[in-house]
Amino acid sequence: MTITSKGQASSEAGGPGSGPGRYSPAEIEKKWQVKWEEDGIYATADHVDGKENFFALVMFPYPSGDLHMGHWFQYAGADSHARFKRMQGYNVMHPQGFDSFGLPAENAAIENGADPREWTYKNITNFRRQFREMGAGYDWDRELVTSDPEYYKWNQYFFLQFYKNGLAYREHGLANWCPKDQTTLANEQVKDGRCERCGTIVEKRALPQWYFAITKYAEELLDFDQLDWPEQITTMQRNWIGRSTGTTIGFDVSEFAPSEKIDTFTTRIDTVYGTTFIVLAPEHPLVEKLTQPAQKAAVDEYVEKTGRQTEIERTSTEREKTGVETGAYCINPLNGERVPVLVGDYVLATYGTGAVMGVPAHDQRDFVFAKKYGLEIRVVVASPNWDGGELQEAWLPAGTQVNSGEFDGLSSTEGMGAIAEKIEASGWGERTVTYHLRDWLISRQRFWGTPIPIIYCDDCGTVPVPEQDLPVLLPEKVKFEADGRSPLTRDPDFLNTTCPDCGKAARRETDTLDTFVCSAWYHLRFASPRPGEDPFDNEQVRAWSPVTSYIGGREHAVMHLLYSRFFNKALRDLGFVEFDEPYAKLMNQGMLIKDHKKISKRSNPLNPDPIVEQHGADTLRCYLMFLGPWDQGGDWSDSGINGIKRWLGRVWDVAGRDFSGLGESGDAEAERSLERVSHATTQRVITDMEAFKFNTSIAALMEFTTALIHAHDAGKISVRSWRAGVERLLLHTAPLAPHIAEELWERTGHTGSIHLEMNPEFDEALTATETITLAVQVNGKVRDQVEVPADVNQDDAVAAAKASSKVARHLEGMIEVKLIYVPGRLVNIVVRPQV
RNA sequence: GCCGGGGUGGCGGAAUGGCAGACGCGGCGGACUUAAAAUCCGCUUCCCGUAAAGGGAGUGUGGGUUCGAAUCCCACCCUCGGUACCA
């Protein structure tokens, strides 16, 4: 092997980085992007002897116009980590695809007359180009595009499996409706009462909609034992699922509605004797039956008015609580009391039973409500210093049962159990568990999505499309009209069909599936990209499951990540997969900002393309990784990128240096010193890369680069050490800056791709120095530093410390009271003045 | 309101009980150059001190634990996310 250093700048000739061998990203980056593709170096086999599989998945993008800087931040980090793991000897599968169904395509169609399909596929082409320019090491053989019929066919297939097994159902009910996007939304897609996507205030609409029965898995979804996930995300899921235990108890209303009772749910059954009224949600089915003629007008008006309110107005905690009497009364089974039934909009139809027992003394909302409407406030759980007088606010903590019949005198904690037991024994109700989690609404009244494979027949009702007829294809060349309605609803070719059961004319479902269905199982398809007649090949899925490392934003905590977990468990129960969880380890990257503000196309733009052109992809990648701790995000500044560019320029210089001046064997001390920093660097880089701490990893490489330059300048090391040092530097740089590392790997005489090499090894023993610097403190203040042998004993260390004149000055006239010796760190002499 | 992250030089950040400010940006000074750019070298937390020596202060605020605290504990402030009438 010969080493060519011709044509490259040496430090003597015109200075590093100058001359004909100057680092020129534009040339080398293109070259390697083409070569890598030709050689297929990122293609992954399902099994490689002696290597463990590592599925490095990063959340795939929605192909909007361009890859923006946030994408770069995410994908460059994910790619660097995947490359690092590959160099650690894993068989790494790092795929990429496109989550290409969704509203922006349709909006572009409505606004500019673009065809959603053309618009989407044009964007995908652009994204592929940009990923290539980034130097991302994807296995493109596994690419998937969710809007391809060969992919969405399986969304339909799984929908049918779910339907046949009671996990998909259609129900007429109140759904979140975004008036701008003209579609319903799942609960998870409503943030602060607004559409998660466009920010429009969401309304409630009564519609028949399709749901996935995610609540059947609520309990299992609370189990995170198998997951190595950030606590933040599991906490968010736990809160979203919102398990609460309590008691459902029925209040008899047969006086006003024969054989009816009002079921209420409470977590505080210990306060049931304090119930002085019952409040029904305005949408509660009993409202109409119970309302008395005298109150009908008022109740109707109230219910109607509430219906007109947006979710935001409705749920604002600042708003005054309102209500109206129905004129009906019900009976508290525990004390036989007759209490009024009201309608109040602070009670939500969608939670618990849609009715609450009003206990104003022990619930702040009920308290405010009772004050306003002059309802009785009766204490049943007394605080230790309650004087029997009126309350200023609800008493929420535990206390002693009073006014509670046979339970008086018990602590409310005991009361809770005893009362629940009596209720169950008497058949008045039962202990129950409720969840905040609702079933996943999957219907979307949009065109650009997976058609729901259902046919409505006048005679046979709801009929699933037979599996052999899949996929139900989205029509081509559709017309969008200004009313925003999906073209599917007026496309006769799509709409009209025949019933698979009876053969009569029938109509297709025109709703499409929520795009989160696509992403709920895409990882399985990456594992098994060409399975033929099945959604995926079990053998291949087994080889790659669960996903070893999953990277993505925190914003998906209760959407995609929850849906995926549900989907996996449903697939498991239907026999498609054998494991419980889709993603074993989760890592969230932070958010990239600029000038302390969110980056936005309009107000705070930051386009990667010109930066790639000016500085190169490697520089941009490294700079993004260097900005700060990746899991916490980064604050972009235009000037900072020069630092990375200079560093890569120095790496270029180092690798190209003429080493003909170095000898066969070097000076022992210089050799040892370079060896030490080499091993220490590898240790730091491996530890930091493992933990996604790209910033400190790069800092270590910068220091190592400088150390190499100094070693070369001093000229005391051997050729062998120099070349080993350069090799080590390139190997560590490779995951972060793949092009320059590859180019220099070739230029330093290596054959084969650096990206298929292994990380250098390190020996911790070799990272140690022969002498160490001890800090010497007097009363905790550093007064001097002393150089001692690394294996110094305490006595010698203390003696060396006291020998320092700077230290001695502070000991004068003092009595030593204590001595702290931390080996390898410091000596602290604690003194006090002589009396 | 509740839950979570964060608050460190002019700036991005390092350091998770042991020398605060690694690494980088910016700034200042120097070398190279006819000059500039590029590159290289040095300095760069603040205050007192002409300077050096030396000293003092210092990690959002106030308290505490400890020989020693950015780091642990308590109370609070600010900020960024998430979530919110969940009975």
Side-chain angles (χ1 to χ4, degrees), chain A residues 9 11 14-18 22 191-193 230-233 235-236 238-240 242-244 246 264-268 271 279 314-319 321 344-348 350-359 362-366 368-369 434-437 554-555 557-558 588 590-591 593 596 598 623 626-629 631-644 646-647 649-650 653 693 695-703 706 709 713 773-785 806 809 817-822 824-831:
Chain A
S11 51
S18 66
R22 182 196 243 329
K191 308 276 165 191
D192 278 330
E231 213 183 299
Q232 194 187 355
I233 302 294
T235 301
M236 281 167 77
R238 204 173 277 120
N239 290 343
W240 185 259
R243 181 184 204 271
S244 74
T264 64
F265 173 76
T266 179
T267 55
R268 291 293 306 275
T271 67
V279 191
R314 177 83 189 269
T315 58
S316 163
T317 43
E318 268 97 84
R319 204 177 50 108
K321 300 190 188 343
D345 63 2
Y346 77 97
V347 176
L348 304 176
T350 50
Y351 185 75
T353 59
V356 299
M357 53 182 225
V359 186
H362 305 293
D363 181 287
Q364 192 56 29
R365 293 157 305 188
D366 297 343
V368 174
F369 192 75
T434 56
Y435 301 91
H436 170 244
L437 182 71
R554 292 178 179 85
E555 66 273 18
V558 295
N588 302 118
M591 207 201 304
I593 55 172
H596 308 282
K598 263 186 192 165
Y623 183 49
F626 187 65
L627 287 174
D631 59 344
Q632 286 173 40
D635 194 352
W636 175 277
S637 105
D638 292 328
S639 60
I641 198 165
N642 292 325
I644 292 291
R646 283 177 200 140
W647 169 58
R650 282 200 300 278
D653 161 60
K693 291 180 182 168
N695 56 335
T696 47
S697 194
I698 291 173
L701 291 177
M702 288 172 165
E703 288 179 64
T706 306
I709 290 171
D713 288 348
T773 308
L774 285 183
V776 185
Q777 300 182 331
V778 178
N779 287 347
K781 278 191 194 297
V782 178
R783 295 301 177 182
D784 199 8
Q785 298 166 5
K806 290 180 190 174
R809 184 171 34 228
V817 292
K818 195 167 181 179
L819 193 82
I820 311 286
Y821 173 62
V822 183
R825 297 268 188 195
L826 56 71
V827 174
N828 184 13
I829 306 162
V830 184
V831 297

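Here the structure is a predicted model, which means the values were calculated and not measured.
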Roughly how far apart, to the nearest Å, are [N] and [M] at atom [atom1]?
N	M	atom1	result
rC73(B)	rA84(B)	P	30 Å
rA20(B)	rU45(B)	C1'	10 Å
rA53(B)	rA36(B)	C1'	41 Å
rA87(B)	rC19(B)	P	48 Å
rG5(B)	rC11(B)	P	25 Å
rG9(B)	rC46(B)	C1'	9 Å
rU33(B)	rG21(B)	C1'	36 Å
rU44(B)	rG82(B)	P	42 Å

Report which part of the nucleic acid [X] touches: base, sugar-phosphate, or nothing (heavy-atom distance under 4.0 Å, all strands).
X	answer
Glu231(A)	nothing
Val356(A)	base
Ile820(A)	base
Val822(A)	base
Gln785(A)	base
Asn828(A)	base
Trp636(A)	nothing
Thr773(A)	base
Arg825(A)	sugar-phosphate
Val359(A)	nothing

N or O in side chain of Ser244(A) less than 4.0 angstrom from rA87(B) OP1/OP2 = yes
Quick check for you: to the nearest 0.5 Å, what is the distance between [X] atom [atom1] and [Y] atom [atom2]?
X	Y	atom1	atom2	result
Phe626(A)	Thr696(A)	CZ	OG1	9.5 Å
Tyr821(A)	Leu826(A)	OH	CG	10.0 Å
Ile829(A)	Lys818(A)	CD1	NZ	14.0 Å

Heavy-atom pair with the smallest gap, counting every atom of [X] and [Y]:
X	Y	answer
Val558(A)	Lys191(A)	CG2-NZ, 4.0 Å
Met236(A)	Ala557(A)	CE-CB, 3.6 Å
Ile233(A)	Asn588(A)	CG1-OD1, 3.3 Å
Phe265(A)	Thr353(A)	N-OG1, 3.5 Å

query = Taking a pair as Watson-Crick or G-U wobble with both distances under 3.5 Å, which nucleotide is matched to rG81(B)?
reply =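 Partner of rG81(B): rC3(B).
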ask   = Given that both distances must come in under 3.5 Å, which nucleotide forms a Watson-Crick or G-U wobble pair with rG10(B)?
value =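 Paired with rG10(B), as far as the under-3.5 Å criterion goes, is rC25(B).
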Could you tell me how far apart [X] ([atom1]) and [N] ([atom2]) are, to the nearest whole angstrom?
X	N	atom1	atom2	result
Leu627(A)	rG12(B)	CG	P	11 Å
Leu819(A)	rG18(B)	CG	P	19 Å
Ile233(A)	rC3(B)	CD1	C1'	13 Å
Leu826(A)	rA69(B)	CG	C1'	13 Å
His596(A)	rG13(B)	NE2	C1'	12 Å
Lys818(A)	rG18(B)	NZ	P	17 Å
His436(A)	rC3(B)	NE2	P	17 Å
Asn239(A)	rC86(B)	CG	P	13 Å

Min side-chain heavy-atom separation [X]-[Y] under 4.5 Å:
X	Y	result
Ile820(A)	Gln777(A)	no
Ile698(A)	Trp647(A)	yes
Asn779(A)	Val831(A)	yes
Ile709(A)	Arg650(A)	yes
Val356(A)	Thr264(A)	no

message = Reading RNA chain B from 5' onward, which residue's closest nucleotide shows up sooner: Gly780(A) or Asp635(A)?
response = Asp635(A)
ask   = Want to settle it: does Lys598(A) or Thr235(A) sit nearer the 5' end of RNA chain B, counting the closest nucleotide to each?
value =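 Its nucleotide being nearer the 5' end, the pick is Thr235(A).
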ask   = Got a sec: does the NZ of Lys598(A) have more than 12 other heavy atoms crowding it under 6.0 Å?
value =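 No, because the 6.0 Å sphere around NZ of Lys598(A) holds 12 heavy atoms or fewer from other groups.
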Picking from [options], which would you name as closest to the side chain of [X]?
X	options	value
Thr267(A)	rG18(B), rA87(B), rC67(B)	rA87(B)
Val782(A)	rC19(B), rA87(B), rA84(B)	rC19(B)
Pro629(A)	rG13(B), rU83(B), rG6(B)	rG13(B)
Lys191(A)	rG82(B), rC86(B), rG12(B)	rG82(B)
Asp345(A)	rA14(B), rG82(B), rC85(B)	rC85(B)
Gln232(A)	rC85(B), rG6(B), rG4(B)	rG4(B)

task = Determine if the base of rG9(B) is syn or anti; take syn to mean the glycosidic torsion is within 90° of 0.
result =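 The base of rG9(B) is oriented syn (glycosidic angle within 90° of 0).
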request  = Sequence neighbours left out, what passes salt bridge (charged side-chain N to carboxylate O under 4.0 Å, His left out) with Glu703(A)? Give chain and number order.
outcome  = Arg684(A)
request  = Under the salt bridge (charged side-chain N to carboxylate O under 4.0 Å, His left out) rule, collect the residues that match up with Arg365(A), sequence neighbours excluded.
outcome  = Asp363(A)
Between N or O atoms, less than 3.5 Å apart, protein on one side and nucleotides 7-9 of chain B on the other: list the pairs.
none

Tyr351(A): partners by ring pair (Phe, Tyr, Trp, His ring centres under 6.0 Å), with sequence neighbours left out =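 With sequence neighbours excluded, Tyr351(A) shows a ring pair (Phe, Tyr, Trp, His ring centres under 6.0 Å) to no residue whatsoever.
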ask   = With the sugar-phosphate defined as primed atoms, P, OP1 and OP2, and the base as all remaining atoms, what B/S/- string results for nucleotides 23-30 of chain B, 5' to 3', for protein heavy atoms under 4.0 Å?
value = BSSS----
For nucleotides 53-58 of chain B, tabulate all protein N/O to nucleotide N/O atom pairs closer than 3.5 Å, reporting atom names and distance.
residue : atom : partner   : partner atom : Å
rG55(B) : OP1  : His810(A) : NE2          : 3.1
rG56(B) : OP2  : Arg783(A) : NH1          : 3.2
rA57(B) : OP2  : Lys781(A) : NZ           : 3.4

